[in-house]
Amino acid sequence: ADVHMHLEGGNNPTFYAHQMAMANVRWAGAVGGGPRDNPIHVKSVLGGRYIAALGQNEFFRVLFSSGQNALSDLNNPIFQSFFPYAEKEFRTGRVRGFGEIHVNNISPFSPSRGQRKIPLENPVVLKMFEIANRHNGFVQIHTMMNSGSDEIIRVARRYSRTKVILSHCLPGASPAQVEKVLRASSNIFCELSAQGPAHGIQRVYSEAGLKNRWKILIERNSSRFMIGTDPCC
C-alpha cells in the first residue's frame, strides 16, 4: 500500500493504475490532491484500490485566498461548504479519511508560498478529527517535530477511533522521539515517504538502504509503519 499518492497525474484513473502496476502497489492514495471531484472519480474506476481522502485542496484554497489565520476559521465560506460535503462522503463510505493536512510544513523542502504553521488543536482540524472519529476513519497530518509532540498525543487520545497518520514520520524527529510518540497512543502511525534520496533527503534511508537506527525502530514497531511515494513536482 502506498499511503502517500497525490493525484498529480490529473483526472485519468488509468494513469494511476499503470503507475501502481509498475511499482507492484495494490492500494494507494490517502492524501488527496487535485479538484474536489478527483478522488471520487478515481475511486469510481480503481474501486477499493484507491484510498480516497479529502481536505488538502480546501486547505490550500483557504491559505492562498485568505492567509494562514483563516486555516483555523470554521466560518470561512470554503470550510462552510466543505464540511457538509465531507460528512456525506464519509456517511456513504466513499471516503475514509482527511489528508494530507499541513499544519506545520516550514522547512527548506517546502515551497515558500505554501508554507504555514498553525496549531494542530484548532477548530478546523479538530472538526476533521471529529468526523473521522465517528466513521472510524483516518487523518493524515503533516507536521514537524519542532512543533512538539504533545498536541499529537492529546488529539490521538481524544479521538481514539481515528487513525492518526504522521506524514513523513514527523520530520525532524529522531527514532527515539518517534518511538515515544508511537508508544503514547496505539492509534498513531508513521508513513515514510520523502525520507530518502529520491526526494533529496536521506533521513531514514540512503542509496545504501535503510539506516540501522530506523531499521531497529521499524522492526520493533512493525505494525505502526507505512510507506508512500509522495509523487510531486
Side-chain angles (χ1 to χ4, degrees), residues 1-10 13 15-34 38-39 42-43 46-57 59-60 95-105 107-111 114 120 128 132 137-145 152 156 162-173 175 177-179 181-182 187-207 209-211 214-215 217-219 221-233:
D2 173 357
V3 298
H4 205 118
M5 185 187 79
H6 292 291
L7 298 182
E8 293 289 339
F15 169 83
Y16 305 103
H18 177 64
Q19 294 290 313
M20 291 163 68
M22 287 197 302
N24 195 27
V25 169
R26 187 170 297 179
W27 306 280
V31 284
N38 262 9
V42 172
K43 190 175 181 68
L46 292 181
R49 297 187 66 199
Y50 181 65
I51 310 164
L54 298 174
Q56 173 164 273
N57 187 50
F59 236 52
F60 275 113
V95 166
R96 290 293 302 277
F98 293 97
E100 170 190 11
I101 307 304
H102 291 73
V103 296
N104 177 4
N105 64 353
S107 81
F109 305 104
S110 297
L120 176 61
M128 295 179 184
F138 67 87
V139 181
Q140 183 165 168
I141 294 290
H142 181 129
T143 190
M144 312 291 287
M145 184 61 195
I152 296 168
T162 301
K163 295 172 182 66
V164 183
I165 303 173
L166 301 177
S167 294
H168 320 303
C169 203
L170 200 56
Q177 289 170 320
V178 169
E179 186 155 40
V181 174
L182 295 178
N187 58 327
I188 300 175
F189 300 83
C190 260
E191 75 86 13
L192 294 167
S193 68
Q195 297 305 295
H199 287 74
I201 304 168
Q202 300 198 32
R203 175 180 169 228
V204 176
Y205 58 97
S206 67
E207 297 285 0
L210 193 60
K211 294 185 177 181
W214 286 95
K215 181 175 185 290
L217 171 67
I218 293 167
E219 290 180 342
N221 303 274
S222 59
S223 65
R224 310 290 288 282
F225 282 88
M226 304 173 177
I227 58 173
T229 52
D230 195 14
C232 71
C233 317

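No hydrogens, no waters, no symmetry mates; every other heavy atom, side chains included, goes into these values.
- Under the 3.5 Å distance criterion, the side-chain polar atoms of Gln177 are left unmatched by any main-chain donor or acceptor of Met145.
- Side-chain contact between Pro13 and Tyr50 is absent, with no heavy atoms from C-beta onward closer than 4.5 Å.
- Considering only heavy atoms from C-beta on, Arg203 comes within 4.5 Å of Trp214 through its side chain.
- Judged purely by distance below 3.5 Å, without hydrogens or angles, the side chains of Thr229 and His4 never pair a donor atom with an acceptor atom.
- Within the 3.5 Å criterion, the main-chain N or O of Ser193 finds a donor-acceptor partner in the side chain of Glu191.
- Scanning for salt bridge (charged side-chain N to carboxylate O under 4.0 Å, His left out) contacts around Glu219 gives Lys215, with sequence neighbours left out.
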Check step by step if side chain to side chain contact (heavy atoms under 4.5 Å, CB included) holds for Met20 and Asp2. CA-CA 9 Å; Met20 291 163 68; Asp2 173 357; over 6 Å; no

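- Here the CD1-CZ distance, from Ile101 to Phe59, works out to 5.5 Å after rounding to the nearest 0.5 Å.
- Between atom CD1 of residue Ile165 and atom CZ of residue Phe138 there is a gap of 5.5 Å, rounded to the nearest 0.5 Å.
- Within the model, atoms CZ of Phe189 and CG of Leu182 stand 9.0 Å from one another, a figure rounded to the nearest 0.5 Å.
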Stepwise side chain to side chain contact (heavy atoms under 4.5 Å, CB included) test for Ile51 and Arg96: CA-CA 7 Å; Ile51 310 164; Arg96 290 293 302 277; 5.7 Å; no

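- Classification of the Phe60-His102 ring pair by plane angle, with boundaries at 30° and 60°, yields tilted.
- Ser206 OG to Ile201 CD1: the interatomic distance, rounded to the nearest 0.5 Å, is 13.5 Å.
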Check the pair Val3 / Trp27 against side chain to side chain contact (heavy atoms under 4.5 Å, CB included), numbers first and verdict last. CA-CA 8 Å; Val3 298; Trp27 306 280; over 6 Å; no

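- In this view, Ala17 and Leu46 satisfy the side chain to side chain contact (heavy atoms under 4.5 Å, CB included) rule, not counting sequence neighbours.
- Between the side chain of His199 and the backbone N or O of Asp230, at least one donor-acceptor pair lies under 3.5 Å.
- Using a distance-only test at 3.5 Å, with no hydrogens or angles considered, no donor-acceptor pair links the side chain of Asn57 to the main chain of Gly32.
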Would Cys169 and Val204 satisfy side chain to side chain contact (heavy atoms under 4.5 Å, CB included), going step by step from the backbone distance to the final call? CA-CA 9 Å; Cys169 203; Val204 176; 5.6 Å; no

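- Between Phe98 and Gln140 the shortest side-chain heavy-atom distance does not fall below 4.5 Å.
- In Arg224, the CZ atom is crowded: over 12 heavy atoms of neighbouring residues, nucleotides or ligands sit closer than 6.0 Å.
- Panel note: side chain Asn187, backbone Val164; no donor-acceptor pair is recorded below 3.5 Å.
- Scanning for side chain to side chain contact (heavy atoms under 4.5 Å, CB included) contacts around Leu120 gives Val103, Val125, Phe129, Ile141, Glu151, Ile152, Val155, with sequence neighbours left out.
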